[in-house]
Protein chains: 2
Amino acid sequence: MSATDPKATRTGRPRSTAADAAILDATRESLVDLGWSKLTMSDVATRAGVAKTTLYRRWAGKNELVVDAVAVLFDELELPDRGSLAADVQGVVLQFAALLERPEARTALMAVVAESTRDDSLRRRIRSAIVDRQKRLVLLGRERAQARGELRYEDDASAAARNADLIFDVIAGAVVHRTLVSAEPVDAEWASGFTSLLLLGLAGAQAG
Amino acid sequence: MSATDPKATRTGRPRSTAADAAILDATRESLVDLGWSKLTMSDVATRAGVAKTTLYRRWAGKNELVVDAVAVLFDELELPDRGSLAADVQGVVLQFAALLERPEARTALMAVVAESTRDDSLRRRIRSAIVDRQKRLVLLGRERAQARGELRYEDDASAAARNADLIFDVIAGAVVHRTLVSAEPVDAEWASGFTSLLLLGLAGAQAG
DNA sequence: TCCTTACGCTACGACCCGTAGCGTAACTGC
DNA sequence: GCAGTTACGCTACGGGTCGTAGCGTAAGGA
């Protein structure tokens, strides 16, 4: 993407985009059937109708492959304007929870995060492919709330950034923990209780 | 622990408790050196000075072994009375974050949770060995705050339970997400900001 | 002293890993 | 067209882990 930056003037046989898609599809399919731990490169290659060597020409290993395969799921996250900050928060919570109900996402997300604790390049990959895309929703939601007058515009830019990071960790962390650790459903009732807790906290911060 | 319930009248050579301890120590040591993915049963056996078959006589596999090895780390979590709910929350946040700084905890916790998404018995094991022990701190903290008059005693028992679950997921989820996903430090400043957000939310819930 | 269970050790088939080597396929520039 | 370059499929390989079986020995209880 950055180092060689080919794409244009490039000689030789081009990479098969069909193979790319087939491999990523096969990876998600294998995640559903086998889960993270039993997924193997050989199995993915077979499902994709592709030689195993073709996988290794594109991805360094299982970690990187799965991150890319799962990342597209997070592109489905959106933040339509629901008219109020409360509705926006509750909407994104339910949407994120629905994503975590999908078996490919459940089994892969925690696993790659676990791997990333010992692999900085993998952590950066996760950040750019998954985490940053989620965080944009928080920033967008804040902007909308500020435009509506529900939240104050903040003077200190770095304090505002820290605040956004905090809210992001609270929202994403709570949903992930509820879903994967406590292993209980994020239904409308829970989302409502969580949203009111968060918004009351934000309101209190605006006041005091 | 429950089915056969031996312990007392049991014939034959007893299990070596020294081997138990050596294996669990070796497991944590191997987690530090190799991380979850590269930890192998053979390596643990070698470090513990024990035959590989001895491991399999006690644990079904890597998942169960690591859960037991890491569970004791969570026994260190305590909740001394710091005089106010805010101080108690901030204290437990920092304590939990310090635990997640330890490499054996970081690499193991997310990994076993990931595995538990496809293994109900493992999930139950994690719940009883790790999660429930953390949740007790939340219940204890609430009791203290109620005794101090900082929080109201709740009438509806099931609503109170749901509320405690919510707060637990918010606290634990935010700290885990901050530490392992965002990969940024939980310092006193962050803990303070998080605590005030949470307490303002709770205060607002008491009022409205 | 018997009986029972745990331990250490060795060996094993099965599987996955990641790579090398080869011939072939596809696309670019001359 | 033709050479040059890169991608692909296939086969084969050494190295490693898995989980189990079989054996002789060690350590307790009746």
Side-chain angles (χ1 to χ4, degrees), chain A residues 1 3-27 30-31 33-66 107 111-112 115 118-119 121-122, chain B residues 1 3-27 30-31 33-66 107 111-112 115 118-119 121-122:
Chain A
M1 287 295 184
T4 49
D5 189 1
K7 186 58 152 307
T9 60
R10 175 70 171 277
T11 173
R13 176 177 177 174
R15 289 256 171 105
S16 165
T17 58
D20 283 315
I23 291 169
L24 293 176
D25 286 345
T27 303
S30 185
L31 279 173
D33 291 350
L34 305 178
W36 162 267
S37 61
K38 293 183 181 172
L39 177 146
T40 70
M41 298 295 268
S42 304
D43 177 74
V44 172
T46 304
R47 287 174 190 261
V50 155
K52 193 173 55 165
T53 46
T54 298
L55 266 71
Y56 282 104
R57 287 194 190 97
R58 291 157 204 250
W59 289 277
K62 179 172 161 174
N63 293 339
E64 292 77 6
L65 171 61
V66 169
T107 191
V112 295
E115 290 301 305
R118 308 202 106 236
D119 183 341
S121 69
L122 181 63
Chain B
M1 287 293 186
T4 50
D5 191 357
K7 186 60 152 306
T9 59
R10 177 68 170 277
T11 174
R13 176 177 177 176
R15 289 253 171 106
S16 164
T17 57
D20 283 317
I23 291 169
L24 293 176
D25 286 345
T27 303
S30 185
L31 279 173
D33 291 350
L34 306 178
W36 162 267
S37 60
K38 293 184 180 172
L39 177 147
T40 69
M41 298 296 268
S42 305
D43 177 74
V44 172
T46 303
R47 287 173 190 261
V50 155
K52 192 173 57 166
T53 46
T54 298
L55 267 71
Y56 282 104
R57 287 193 190 98
R58 290 165 160 77
W59 290 278
K62 180 172 161 174
N63 293 340
E64 291 78 7
L65 171 61
V66 169
T107 190
V112 296
E115 290 301 306
R118 308 202 107 236
D119 183 341
S121 69
L122 182 63

Enquirer: Taking donor-acceptor contacts at under 3.5 Å, does the side chain of R13(B) reach the base of dA26(D)?
Expert: yes

Enquirer: Would a distance-only check, ignoring hydrogens and angles, find a side-chain to backbone donor-acceptor pair under 3.5 Å from T107(A) to W36(A)?
Expert: yes

Enquirer: In Å and rounded to the nearest 0.5 Å, what is the CG to CE distance from L55(A) to M41(A)?
Expert: 4.5 Å

Enquirer: Walk me through whether I23(A) and L65(A) qualify under side chain to side chain contact (heavy atoms under 4.5 Å, CB included).
Expert: CA-CA 9 Å; I23(A) 291 169; L65(A) 171 61; 3.8 Å; yes

Enquirer: Filter on salt bridge (charged side-chain N to carboxylate O under 4.0 Å, His left out), then keep only pairs touching residues 52-65 of chain A, sequence neighbours left out; what's left?
Expert: D20(A)-R58(A)

Enquirer: Rounding to an integer number of Å, can you tell me how far I23(B) CD1 sits from dC7(C) C1'?
Expert: 11 Å

Enquirer: CG of L55(A) versus C1' of dC17(C): gap in Å, rounded?
Expert: 13 Å

Enquirer: Considering non-hydrogen atoms only, spot the tightest contact between A48(B) and A22(B) and give its length.
Expert: CB-O, 3.7 Å

Enquirer: Measure the angle between the two terminal helix axes of the helix from dT1(C)-dA30(D) to dC30(C)-dG1(D), five base pairs each, and quote it to 10°.
Expert: 20°

Enquirer: Would you name the heavy atoms of T54(A) and V50(A) that are closest together and state the gap between them?
Expert: CB-CG1, 3.4 Å

Enquirer: Looking only at side-chain atoms of T54(B), point me to the closest of dG4(D), dC7(C), dG29(D).
Expert: dC7(C)

Enquirer: So, is R15(B) close to the dT4(C) phosphate, meaning a side-chain N or O under 4.0 Å from OP1 or OP2?
Expert: no

Enquirer: Out of dG4(D), dG8(C), dG9(D), which nucleotide sits closest to the side chain of T11(A)?
Expert: dG4(D)

Enquirer: Could you encode protein contacts along nucleotides 14-20 of chain D as a string, one character per nucleotide from 5' to 3', using B for base contact, S for sugar-phosphate-only contact and - for no contact, with a heavy-atom cut-off of under 4.0 Å?
Expert: ---SBBB

Enquirer: Would a distance-only check, ignoring hydrogens and angles, find a side-chain to backbone donor-acceptor pair under 3.5 Å from S30(A) to A26(A)?
Expert: no

